[in-house]
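A quick note: this is a predicted structure, and the numbers were derived from the prediction, not measured. Below, each value reflects all heavy atoms present in this structure, side chains not excepted, and no hydrogens, waters or symmetry copies.
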Amino acid sequence: MPAIRFATAVLAAVMLLCPVTAALSDRGGETAARPPTAKPGDAPTGSVTIAPGSGADLIRLVEKKLPGARVYDLNLSDDGAAPYFEVKADRGGEVWTAIIDAATRTILRAQAEMSISELSPEVQRELAGFRRARMRLSEAVVIAEKLGRGRAISAGLHLNDQKLVFVVVVVSDGELKEITVAPDR
């Protein structure tokens with residue numbers, strides 16, 4: 001999964017730097033949320049605006065909006081009228097997806113998508129490890145942004161030799177850095 005996450009982050013960074021519209025592929029076994037829809041008067045501007053701030057702030061925003069939720073995935077996307085962050089959380093055995101406008105950092109929608117039991121076995125194993133971990137994804141993002149000296153545009157779970165790690169992609173000085181953070185160390 002790190003290769004897929006890194007490729008997604010590379011594509012997102014290219015879209016941030018170039019006036020191109022592209023669609024990201026489904027990441028297998030995860031739900032696909034609807035992107036923000038175009039409004040009358042929307043026009044491509046050739047640039048992308050992302051509000052300043054940490055990826056950890058976005059995670060905490062969703063966890064505050066959805067009491068009892070634990071965010072396990074953050075991903076910047078540009079397959080709609082405007083760039084947005086798709087944030088996935090485990091809440092009461094259900095996958096919740098929140099869509100956050102990248103320019104304003106406001107939650108556009110948050111809704112239950114499916115039961116955790118409907119996810120692929122690999123994602124279920126990652127989530128089982130995540131439930132046992134003491135570290136939250138927001139903490140891993142803070143560490144990665146500090147080490148990478150940049151802003152997280154993607155973060156999620158991965159099993160590395162059957163051990164859970166957080167994989168965070170940080171943009172720093174126009175470059176992407178994939179940083180792996182081991183929880184509970």
Side-chain angles (χ1 to χ4, degrees), residues 1-2 4-6 8-9 12-13 16 24 27 30-36 48-78 80 82-114 116 119 123 126-159 164-172 176-185:
M1 185 142 139
I4 293 170
R5 182 165 304 286
F6 189 74
T8 301
L16 289 172
L24 297 176
R27 295 186 317 218
E30 297 182 29
T31 61
R34 295 179 311 273
V48 174
T49 303
I50 296 180
S54 169
D57 294 337
L58 295 171
I59 293 168
R60 288 189 287 264
L61 176 70
V62 171
E63 290 177 340
K64 183 177 179 182
K65 168 84 173 171
L66 302 172
R70 206 161 167 208
V71 170
Y72 67 88
D73 190 72
L74 169 75
N75 192 36
L76 176 64
S77 183
D78 187 29
Y84 63 95
F85 285 93
E86 180 181 29
V87 182
K88 294 185 184 296
D90 174 0
R91 182 182 190 206
E94 290 185 307
V95 174
W96 281 71
T97 300
I99 303 297
I100 301 174
D101 183 287
T104 63
R105 295 174 92 72
T106 57
I107 296 176
L108 301 174
R109 78 179 139 270
Q111 63 191 34
E113 297 288 334
M114 68 173 58
I116 297 289
L119 295 173
V123 175
E126 291 169 349
L127 286 173
F130 183 52
R131 285 187 204 108
R132 290 187 301 271
R134 291 185 302 262
M135 181 181 280
R136 299 183 79 80
L137 185 60
S138 60
E139 294 172 278
V141 168
V142 167
I143 292 167
E145 286 179 334
K146 188 173 187 174
L147 289 172
R149 296 187 178 117
R151 292 174 35 187
I153 60 168
S154 177
L157 312 175
H158 179 67
L159 290 176
L164 180 74
V165 293
F166 298 109
V167 178
V168 182
V169 177
V170 174
V171 176
S172 176
L176 294 176
K177 299 176 181 178
E178 183 178 88
I179 299 170
T180 301
V181 178
D184 306 325
R185 285 197 182 168

A103 and D101 have their tightest heavy-atom pair at N-OD1, 2.8 Å
In this structure, CG of L58 is separated from CD1 of I100 (nearest 0.5 Å) by 4.5 Å
Distance col, row S138:OG vs L61:CG, nearest 0.5 angstrom, shows 12.0 Å
In short, A56 meets V141 closest at the heavy-atom pair N-CG1, 3.4 Å
Requested in this report: Say whether, by atom type as modelled, one donor and one acceptor occur between the side chain of R70 and the main chain of F130 under 3.5 angstrom.
Outcome: yes
Quiz prompt | K177 side chain reached by V169 side chain, heavy atoms, under 4.5 Å | solution = no
Looking only at heavy atoms, the pair that brings V168 and A140 closest together is CG2-O, 4.2 Å
Worksheet item: With side chains defined as the heavy atoms from C-beta onward, is the minimum distance between H158 and T180 less than 4.5 Å?
Response: no
Applied to residues 51-65, the side chain to side chain donor-acceptor pair (under 3.5 Å) test, sequence neighbours excluded, yields S54-E145, D57-R60, E63-R136
Here the gap from T106 atom OG1 to I99 atom CD1, rounded to the nearest 0.5 Å, amounts to 11.5 Å
Would you call I153 and L176 a side-chain contact if the rule is heavy atoms closer than 4.5 Å?
yes
Here the pair of heavy atoms bringing L137 nearest to A155 is CD1-CB, 4.0 Å
Rounded to the nearest 0.5 angstrom, the CG-CD distance for L74 and E86 is 9.5 Å
- prompt: Can you find a heavy atom in the side chain of L164 that is under 4.5 Å from one in the side chain of P183?
  reply: yes
Note: V62 and A98 closest approach over all heavy atoms is CG2-CB, 3.9 Å
Residues passing the side-chain contact (heavy atoms from CB on, under 4.5 Å) test with I116, sequence neighbours excluded, are D90, V95, L119, Q124, L127, R131
Any E126 side-chain heavy atom under 4.5 Å of L159 side chain: yes
Mind checking whether F85 and L76 have side chains closer than 4.5 Å, heavy atoms only? yes
Note: E94 and A112 closest approach over all heavy atoms is OE1-CB, 3.9 Å
OH (Y84) and CG (N75) are apart, to the nearest 0.5 Å, by 8.5 Å
Is there a donor-acceptor pair under 3.5 Å between the side chain of S172 and the backbone N or O of R149? yes
